[in-house]
Amino acid sequence: MTASTNFLFVPSATPIAREAGALLREYYRRGVATEYKGDVDLVTEADRASEKLIVERLGQIFPDHGVYGEEGTRSQLTNEYRWYIDPLDGTTNFAHGFPVFCVSMGLERRSASLAPEADGEIVAAIIYDPLRDELFTAEKGNGAFLNGAPIHASRTPHLAEALVATGFPSRKRHDNPNIHFYQEFTLRSHGVRRAGSAAIDLAYVACGRLEAFWEFNLNPWDTSAGALLVTEAGGSMSGFTGGAFRLDSKEVLATNGLIKDEMVKLFDDLFEGRIVDPIPTPAEFAAKRKAAAQ
């Protein structure tokens, strides 16, 4: 399979992602002012400028396509095709000068008979990392690619041999149990990474740099492109119970396919309170530290 195989959308949309990425790269180099759109959710002028550029370019090339953007764009959402746009995935990284962020664009096809709350079919995906000049692309049924070369999910068969990733919410972290899962997966794998960009994490599962990624409470603009990349690369997308992935899923699990069942079983054990090793409190750790020094 080559990158020229019957692509309908990616060749036209790729220059848009690259242009938006170049815009972000320039903002990143000179620095930007930040503000809050929630308790601790950051937004920058770069987010808004990137979304504005992407929406304008999509309107020129695909005038009948809808757009659902993270920074507020909602246009033509009843049309057959709908782009989910994250103009800057990894805003907190970007704002702090941490070099992990990307542009994410996922295209959904929705039939006329589809219920408003139902998912359509994700048919095209583009994730562009402008600092590494890495362009991840996929179209439904045509495989997944990195800078034009085919990519595949890893063949690592066991969690104990896997490198996995996760993310944490920007707010209300105390209401989220993921720190407990983080500990348990760290104990049972080669390690857990937290890069701060769900789209990049999903792209890395697709190309075999990671064996799995999980996170709570993501949005369609976070996952639509990455989900297609993972499945086209031979991996799996689901919820923590192993059921079907949905764009509005509050629990997202991406794997290479081979360790999916093992991870689902571990999630089940953790939710049921089995095999959970309590995380030591600072006082408990201090006591152990003192005892060890004696």
Side-chain angles (χ1 to χ4, degrees), residues 86 89-90 93 100 102 104 106 122 125 127 129 134 136 138 143-146 150-169 176-272 274-277:
D86 194 334
D89 186 49
N93 288 345
V100 180
C102 67
S104 180
I122 302 300
I127 292 175
D129 177 346
E134 290 192 330
F136 297 87
F145 300 84
L146 168 54
I151 55 176
H152 306 280
S154 87
R155 303 301 299 170
T156 299
H158 303 294
L159 178 60
E161 303 167 355
L163 184 66
V164 300
T166 190
F168 291 89
N176 188 291
N178 202 30
I179 190 63
H180 300 283
F181 296 168
Y182 183 96
Q183 170 170 293
E184 297 302 323
F185 278 103
T186 297
L187 295 174
R188 292 167 172 80
S189 68
H190 271 179
V192 179
R193 300 293 180 258
R194 201 279 197 192
S197 168
I200 286 180
D201 286 327
L202 290 166
Y204 283 10
V205 174
C207 72
R209 294 173 183 170
L210 296 168
E211 274 67 54
F213 165 74
W214 83 91
E215 192 167 346
F216 290 87
N217 298 322
L218 292 174
N219 297 292
W221 53 75
D222 297 310
T223 59
S224 57
L228 183 63
L229 280 166
V230 169
T231 55
E232 285 295 308
S236 69
M237 292 292 302
S238 72
F240 295 168
T241 63
F245 166 77
R246 292 197 57 184
L247 287 173
D248 63 353
S249 292
K250 298 305 179 185
E251 300 173 355
V252 173
L253 174 60
T255 79
N256 64 355
L258 301 177
I259 67 169
K260 174 186 174 182
D261 290 345
E262 190 177 357
M263 291 193 72
V264 167
K265 175 62 166 58
L266 182 52
F267 275 117
D268 183 59
D269 287 339
L270 292 171
F271 279 121
E272 293 300 321
R274 298 186 291 266
I275 69 169
V276 178
D277 296 324

> What pair of heavy atoms forms the shortest contact from Asp201 to Ala195, and how long is it?
Replying inline: OD1-CB, 3.8 Å
> Taking side chain as C-beta onward, heavy atoms only, is Thr241 less than 4.5 Å from Asp268?
Replying inline: no
> Nearest heavy-atom pair of Ala212 and Met263: which atoms, and what distance?
Replying inline: CB-SD, 3.3 Å
> How about Val164 and Thr255: do any of their side-chain heavy atoms sit closer than 4.5 Å?
Replying inline: no
>> Going by side chain to side chain donor-acceptor pair (under 3.5 Å), name the residues that satisfy it together with Asp129, two or more places apart in sequence or in a different chain.
In response: Arg132
>> Restricting to non-hydrogen atoms, name the atom on Ser189 and the atom on Ala162 that form the minimum distance, rounded to 0.1 Å.
In response: CB-O, 3.4 Å
> Can you tell me how far CG of Leu258 sits from OG of Ser154, rounded to the nearest 0.5 angstrom?
Replying inline: 7.0 Å
> Would you say the side-chain atoms of Asn256 pair up with the backbone N or O of Thr156, donor to acceptor, closer than 3.5 Å?
Replying inline: yes
>> I'd like to check the side chain to side chain contact (heavy atoms under 4.5 Å, CB included) partners of Leu163; sequence neighbours left out, ordered by chain and number.
In response: Arg193, Leu210, Glu211
>> Run the side chain to side chain donor-acceptor pair (under 3.5 Å) test against Thr231 and tell me which residues pass, sequence neighbours left out.
In response: none
> Between the side chains of Trp221 and Asp89, does any donor sit under 3.5 Å from an acceptor?
Replying inline: no
>> In the structure I gave you, are the side-chain heavy atoms of Phe240 and Trp214 within less than 4.5 Å of one another anywhere?
In response: yes
> What are the two closest non-hydrogen atoms of Gly234 and Ala153, and how far apart are they?
Replying inline: C-CB, 4.3 Å
>> Would you say that Thr166 contacts Phe168 through its side chain, given a criterion of any heavy-atom pair below 4.5 Å between the two side chains?
In response: yes
>> Do Leu229 and Ile127 make a side-chain contact, defined as non-hydrogen atoms from C-beta onward lying under 4.5 Å apart?
In response: yes
> For Ser238, which residues count as a side chain to side chain contact (heavy atoms under 4.5 Å, CB included) partner, sequence neighbours excluded?
Replying inline: Leu253, Lys260
>> For the CZ atom of Phe213 and the OG1 atom of Thr223, what is their distance to the nearest 0.5 Å?
In response: 9.0 Å
>> Please give me the minimum heavy-atom distance between Arg209 and Glu134, naming the atom from each residue.
In response: NH2-OE2, 2.8 Å
> Side chains of Phe216 and Asn178: closer than 4.5 Å at any heavy-atom pair?
Replying inline: yes
>> Restricting to side chain to side chain contact (heavy atoms under 4.5 Å, CB included), what partner residues turn up for Leu266, sequence neighbours left out?
In response: Leu159, Phe185, Arg188, Leu270, Ile275
>> Using only atom types and a distance under 3.5 Å, with no angle test, would you say the side chain of Ser249 pairs donor to acceptor with the backbone of Val252?
In response: no
>> Restricting to non-hydrogen atoms, name the atom on Ala125 and the atom on Ala225 that form the minimum distance, rounded to 0.1 Å.
In response: CB-O, 3.2 Å
>> Is it the case that the side chain of Asp222 and the backbone of Asn219 share a donor-acceptor pair, with hydrogens and angles ignored and the cut-off at 3.5 Å?
In response: yes
>> How long is the straight-line distance from CZ of Phe136 back to SG of Cys102, given to the nearest 0.5 Å?
In response: 9.0 Å
>> For Lys265, is there an ion pair with Glu184 - N to carboxylate O distance below 4.0 angstrom?
In response: no
> Sequence neighbours excluded, which residues qualify as side chain to side chain donor-acceptor pair (under 3.5 Å) partners of Ser224?
Replying inline: none
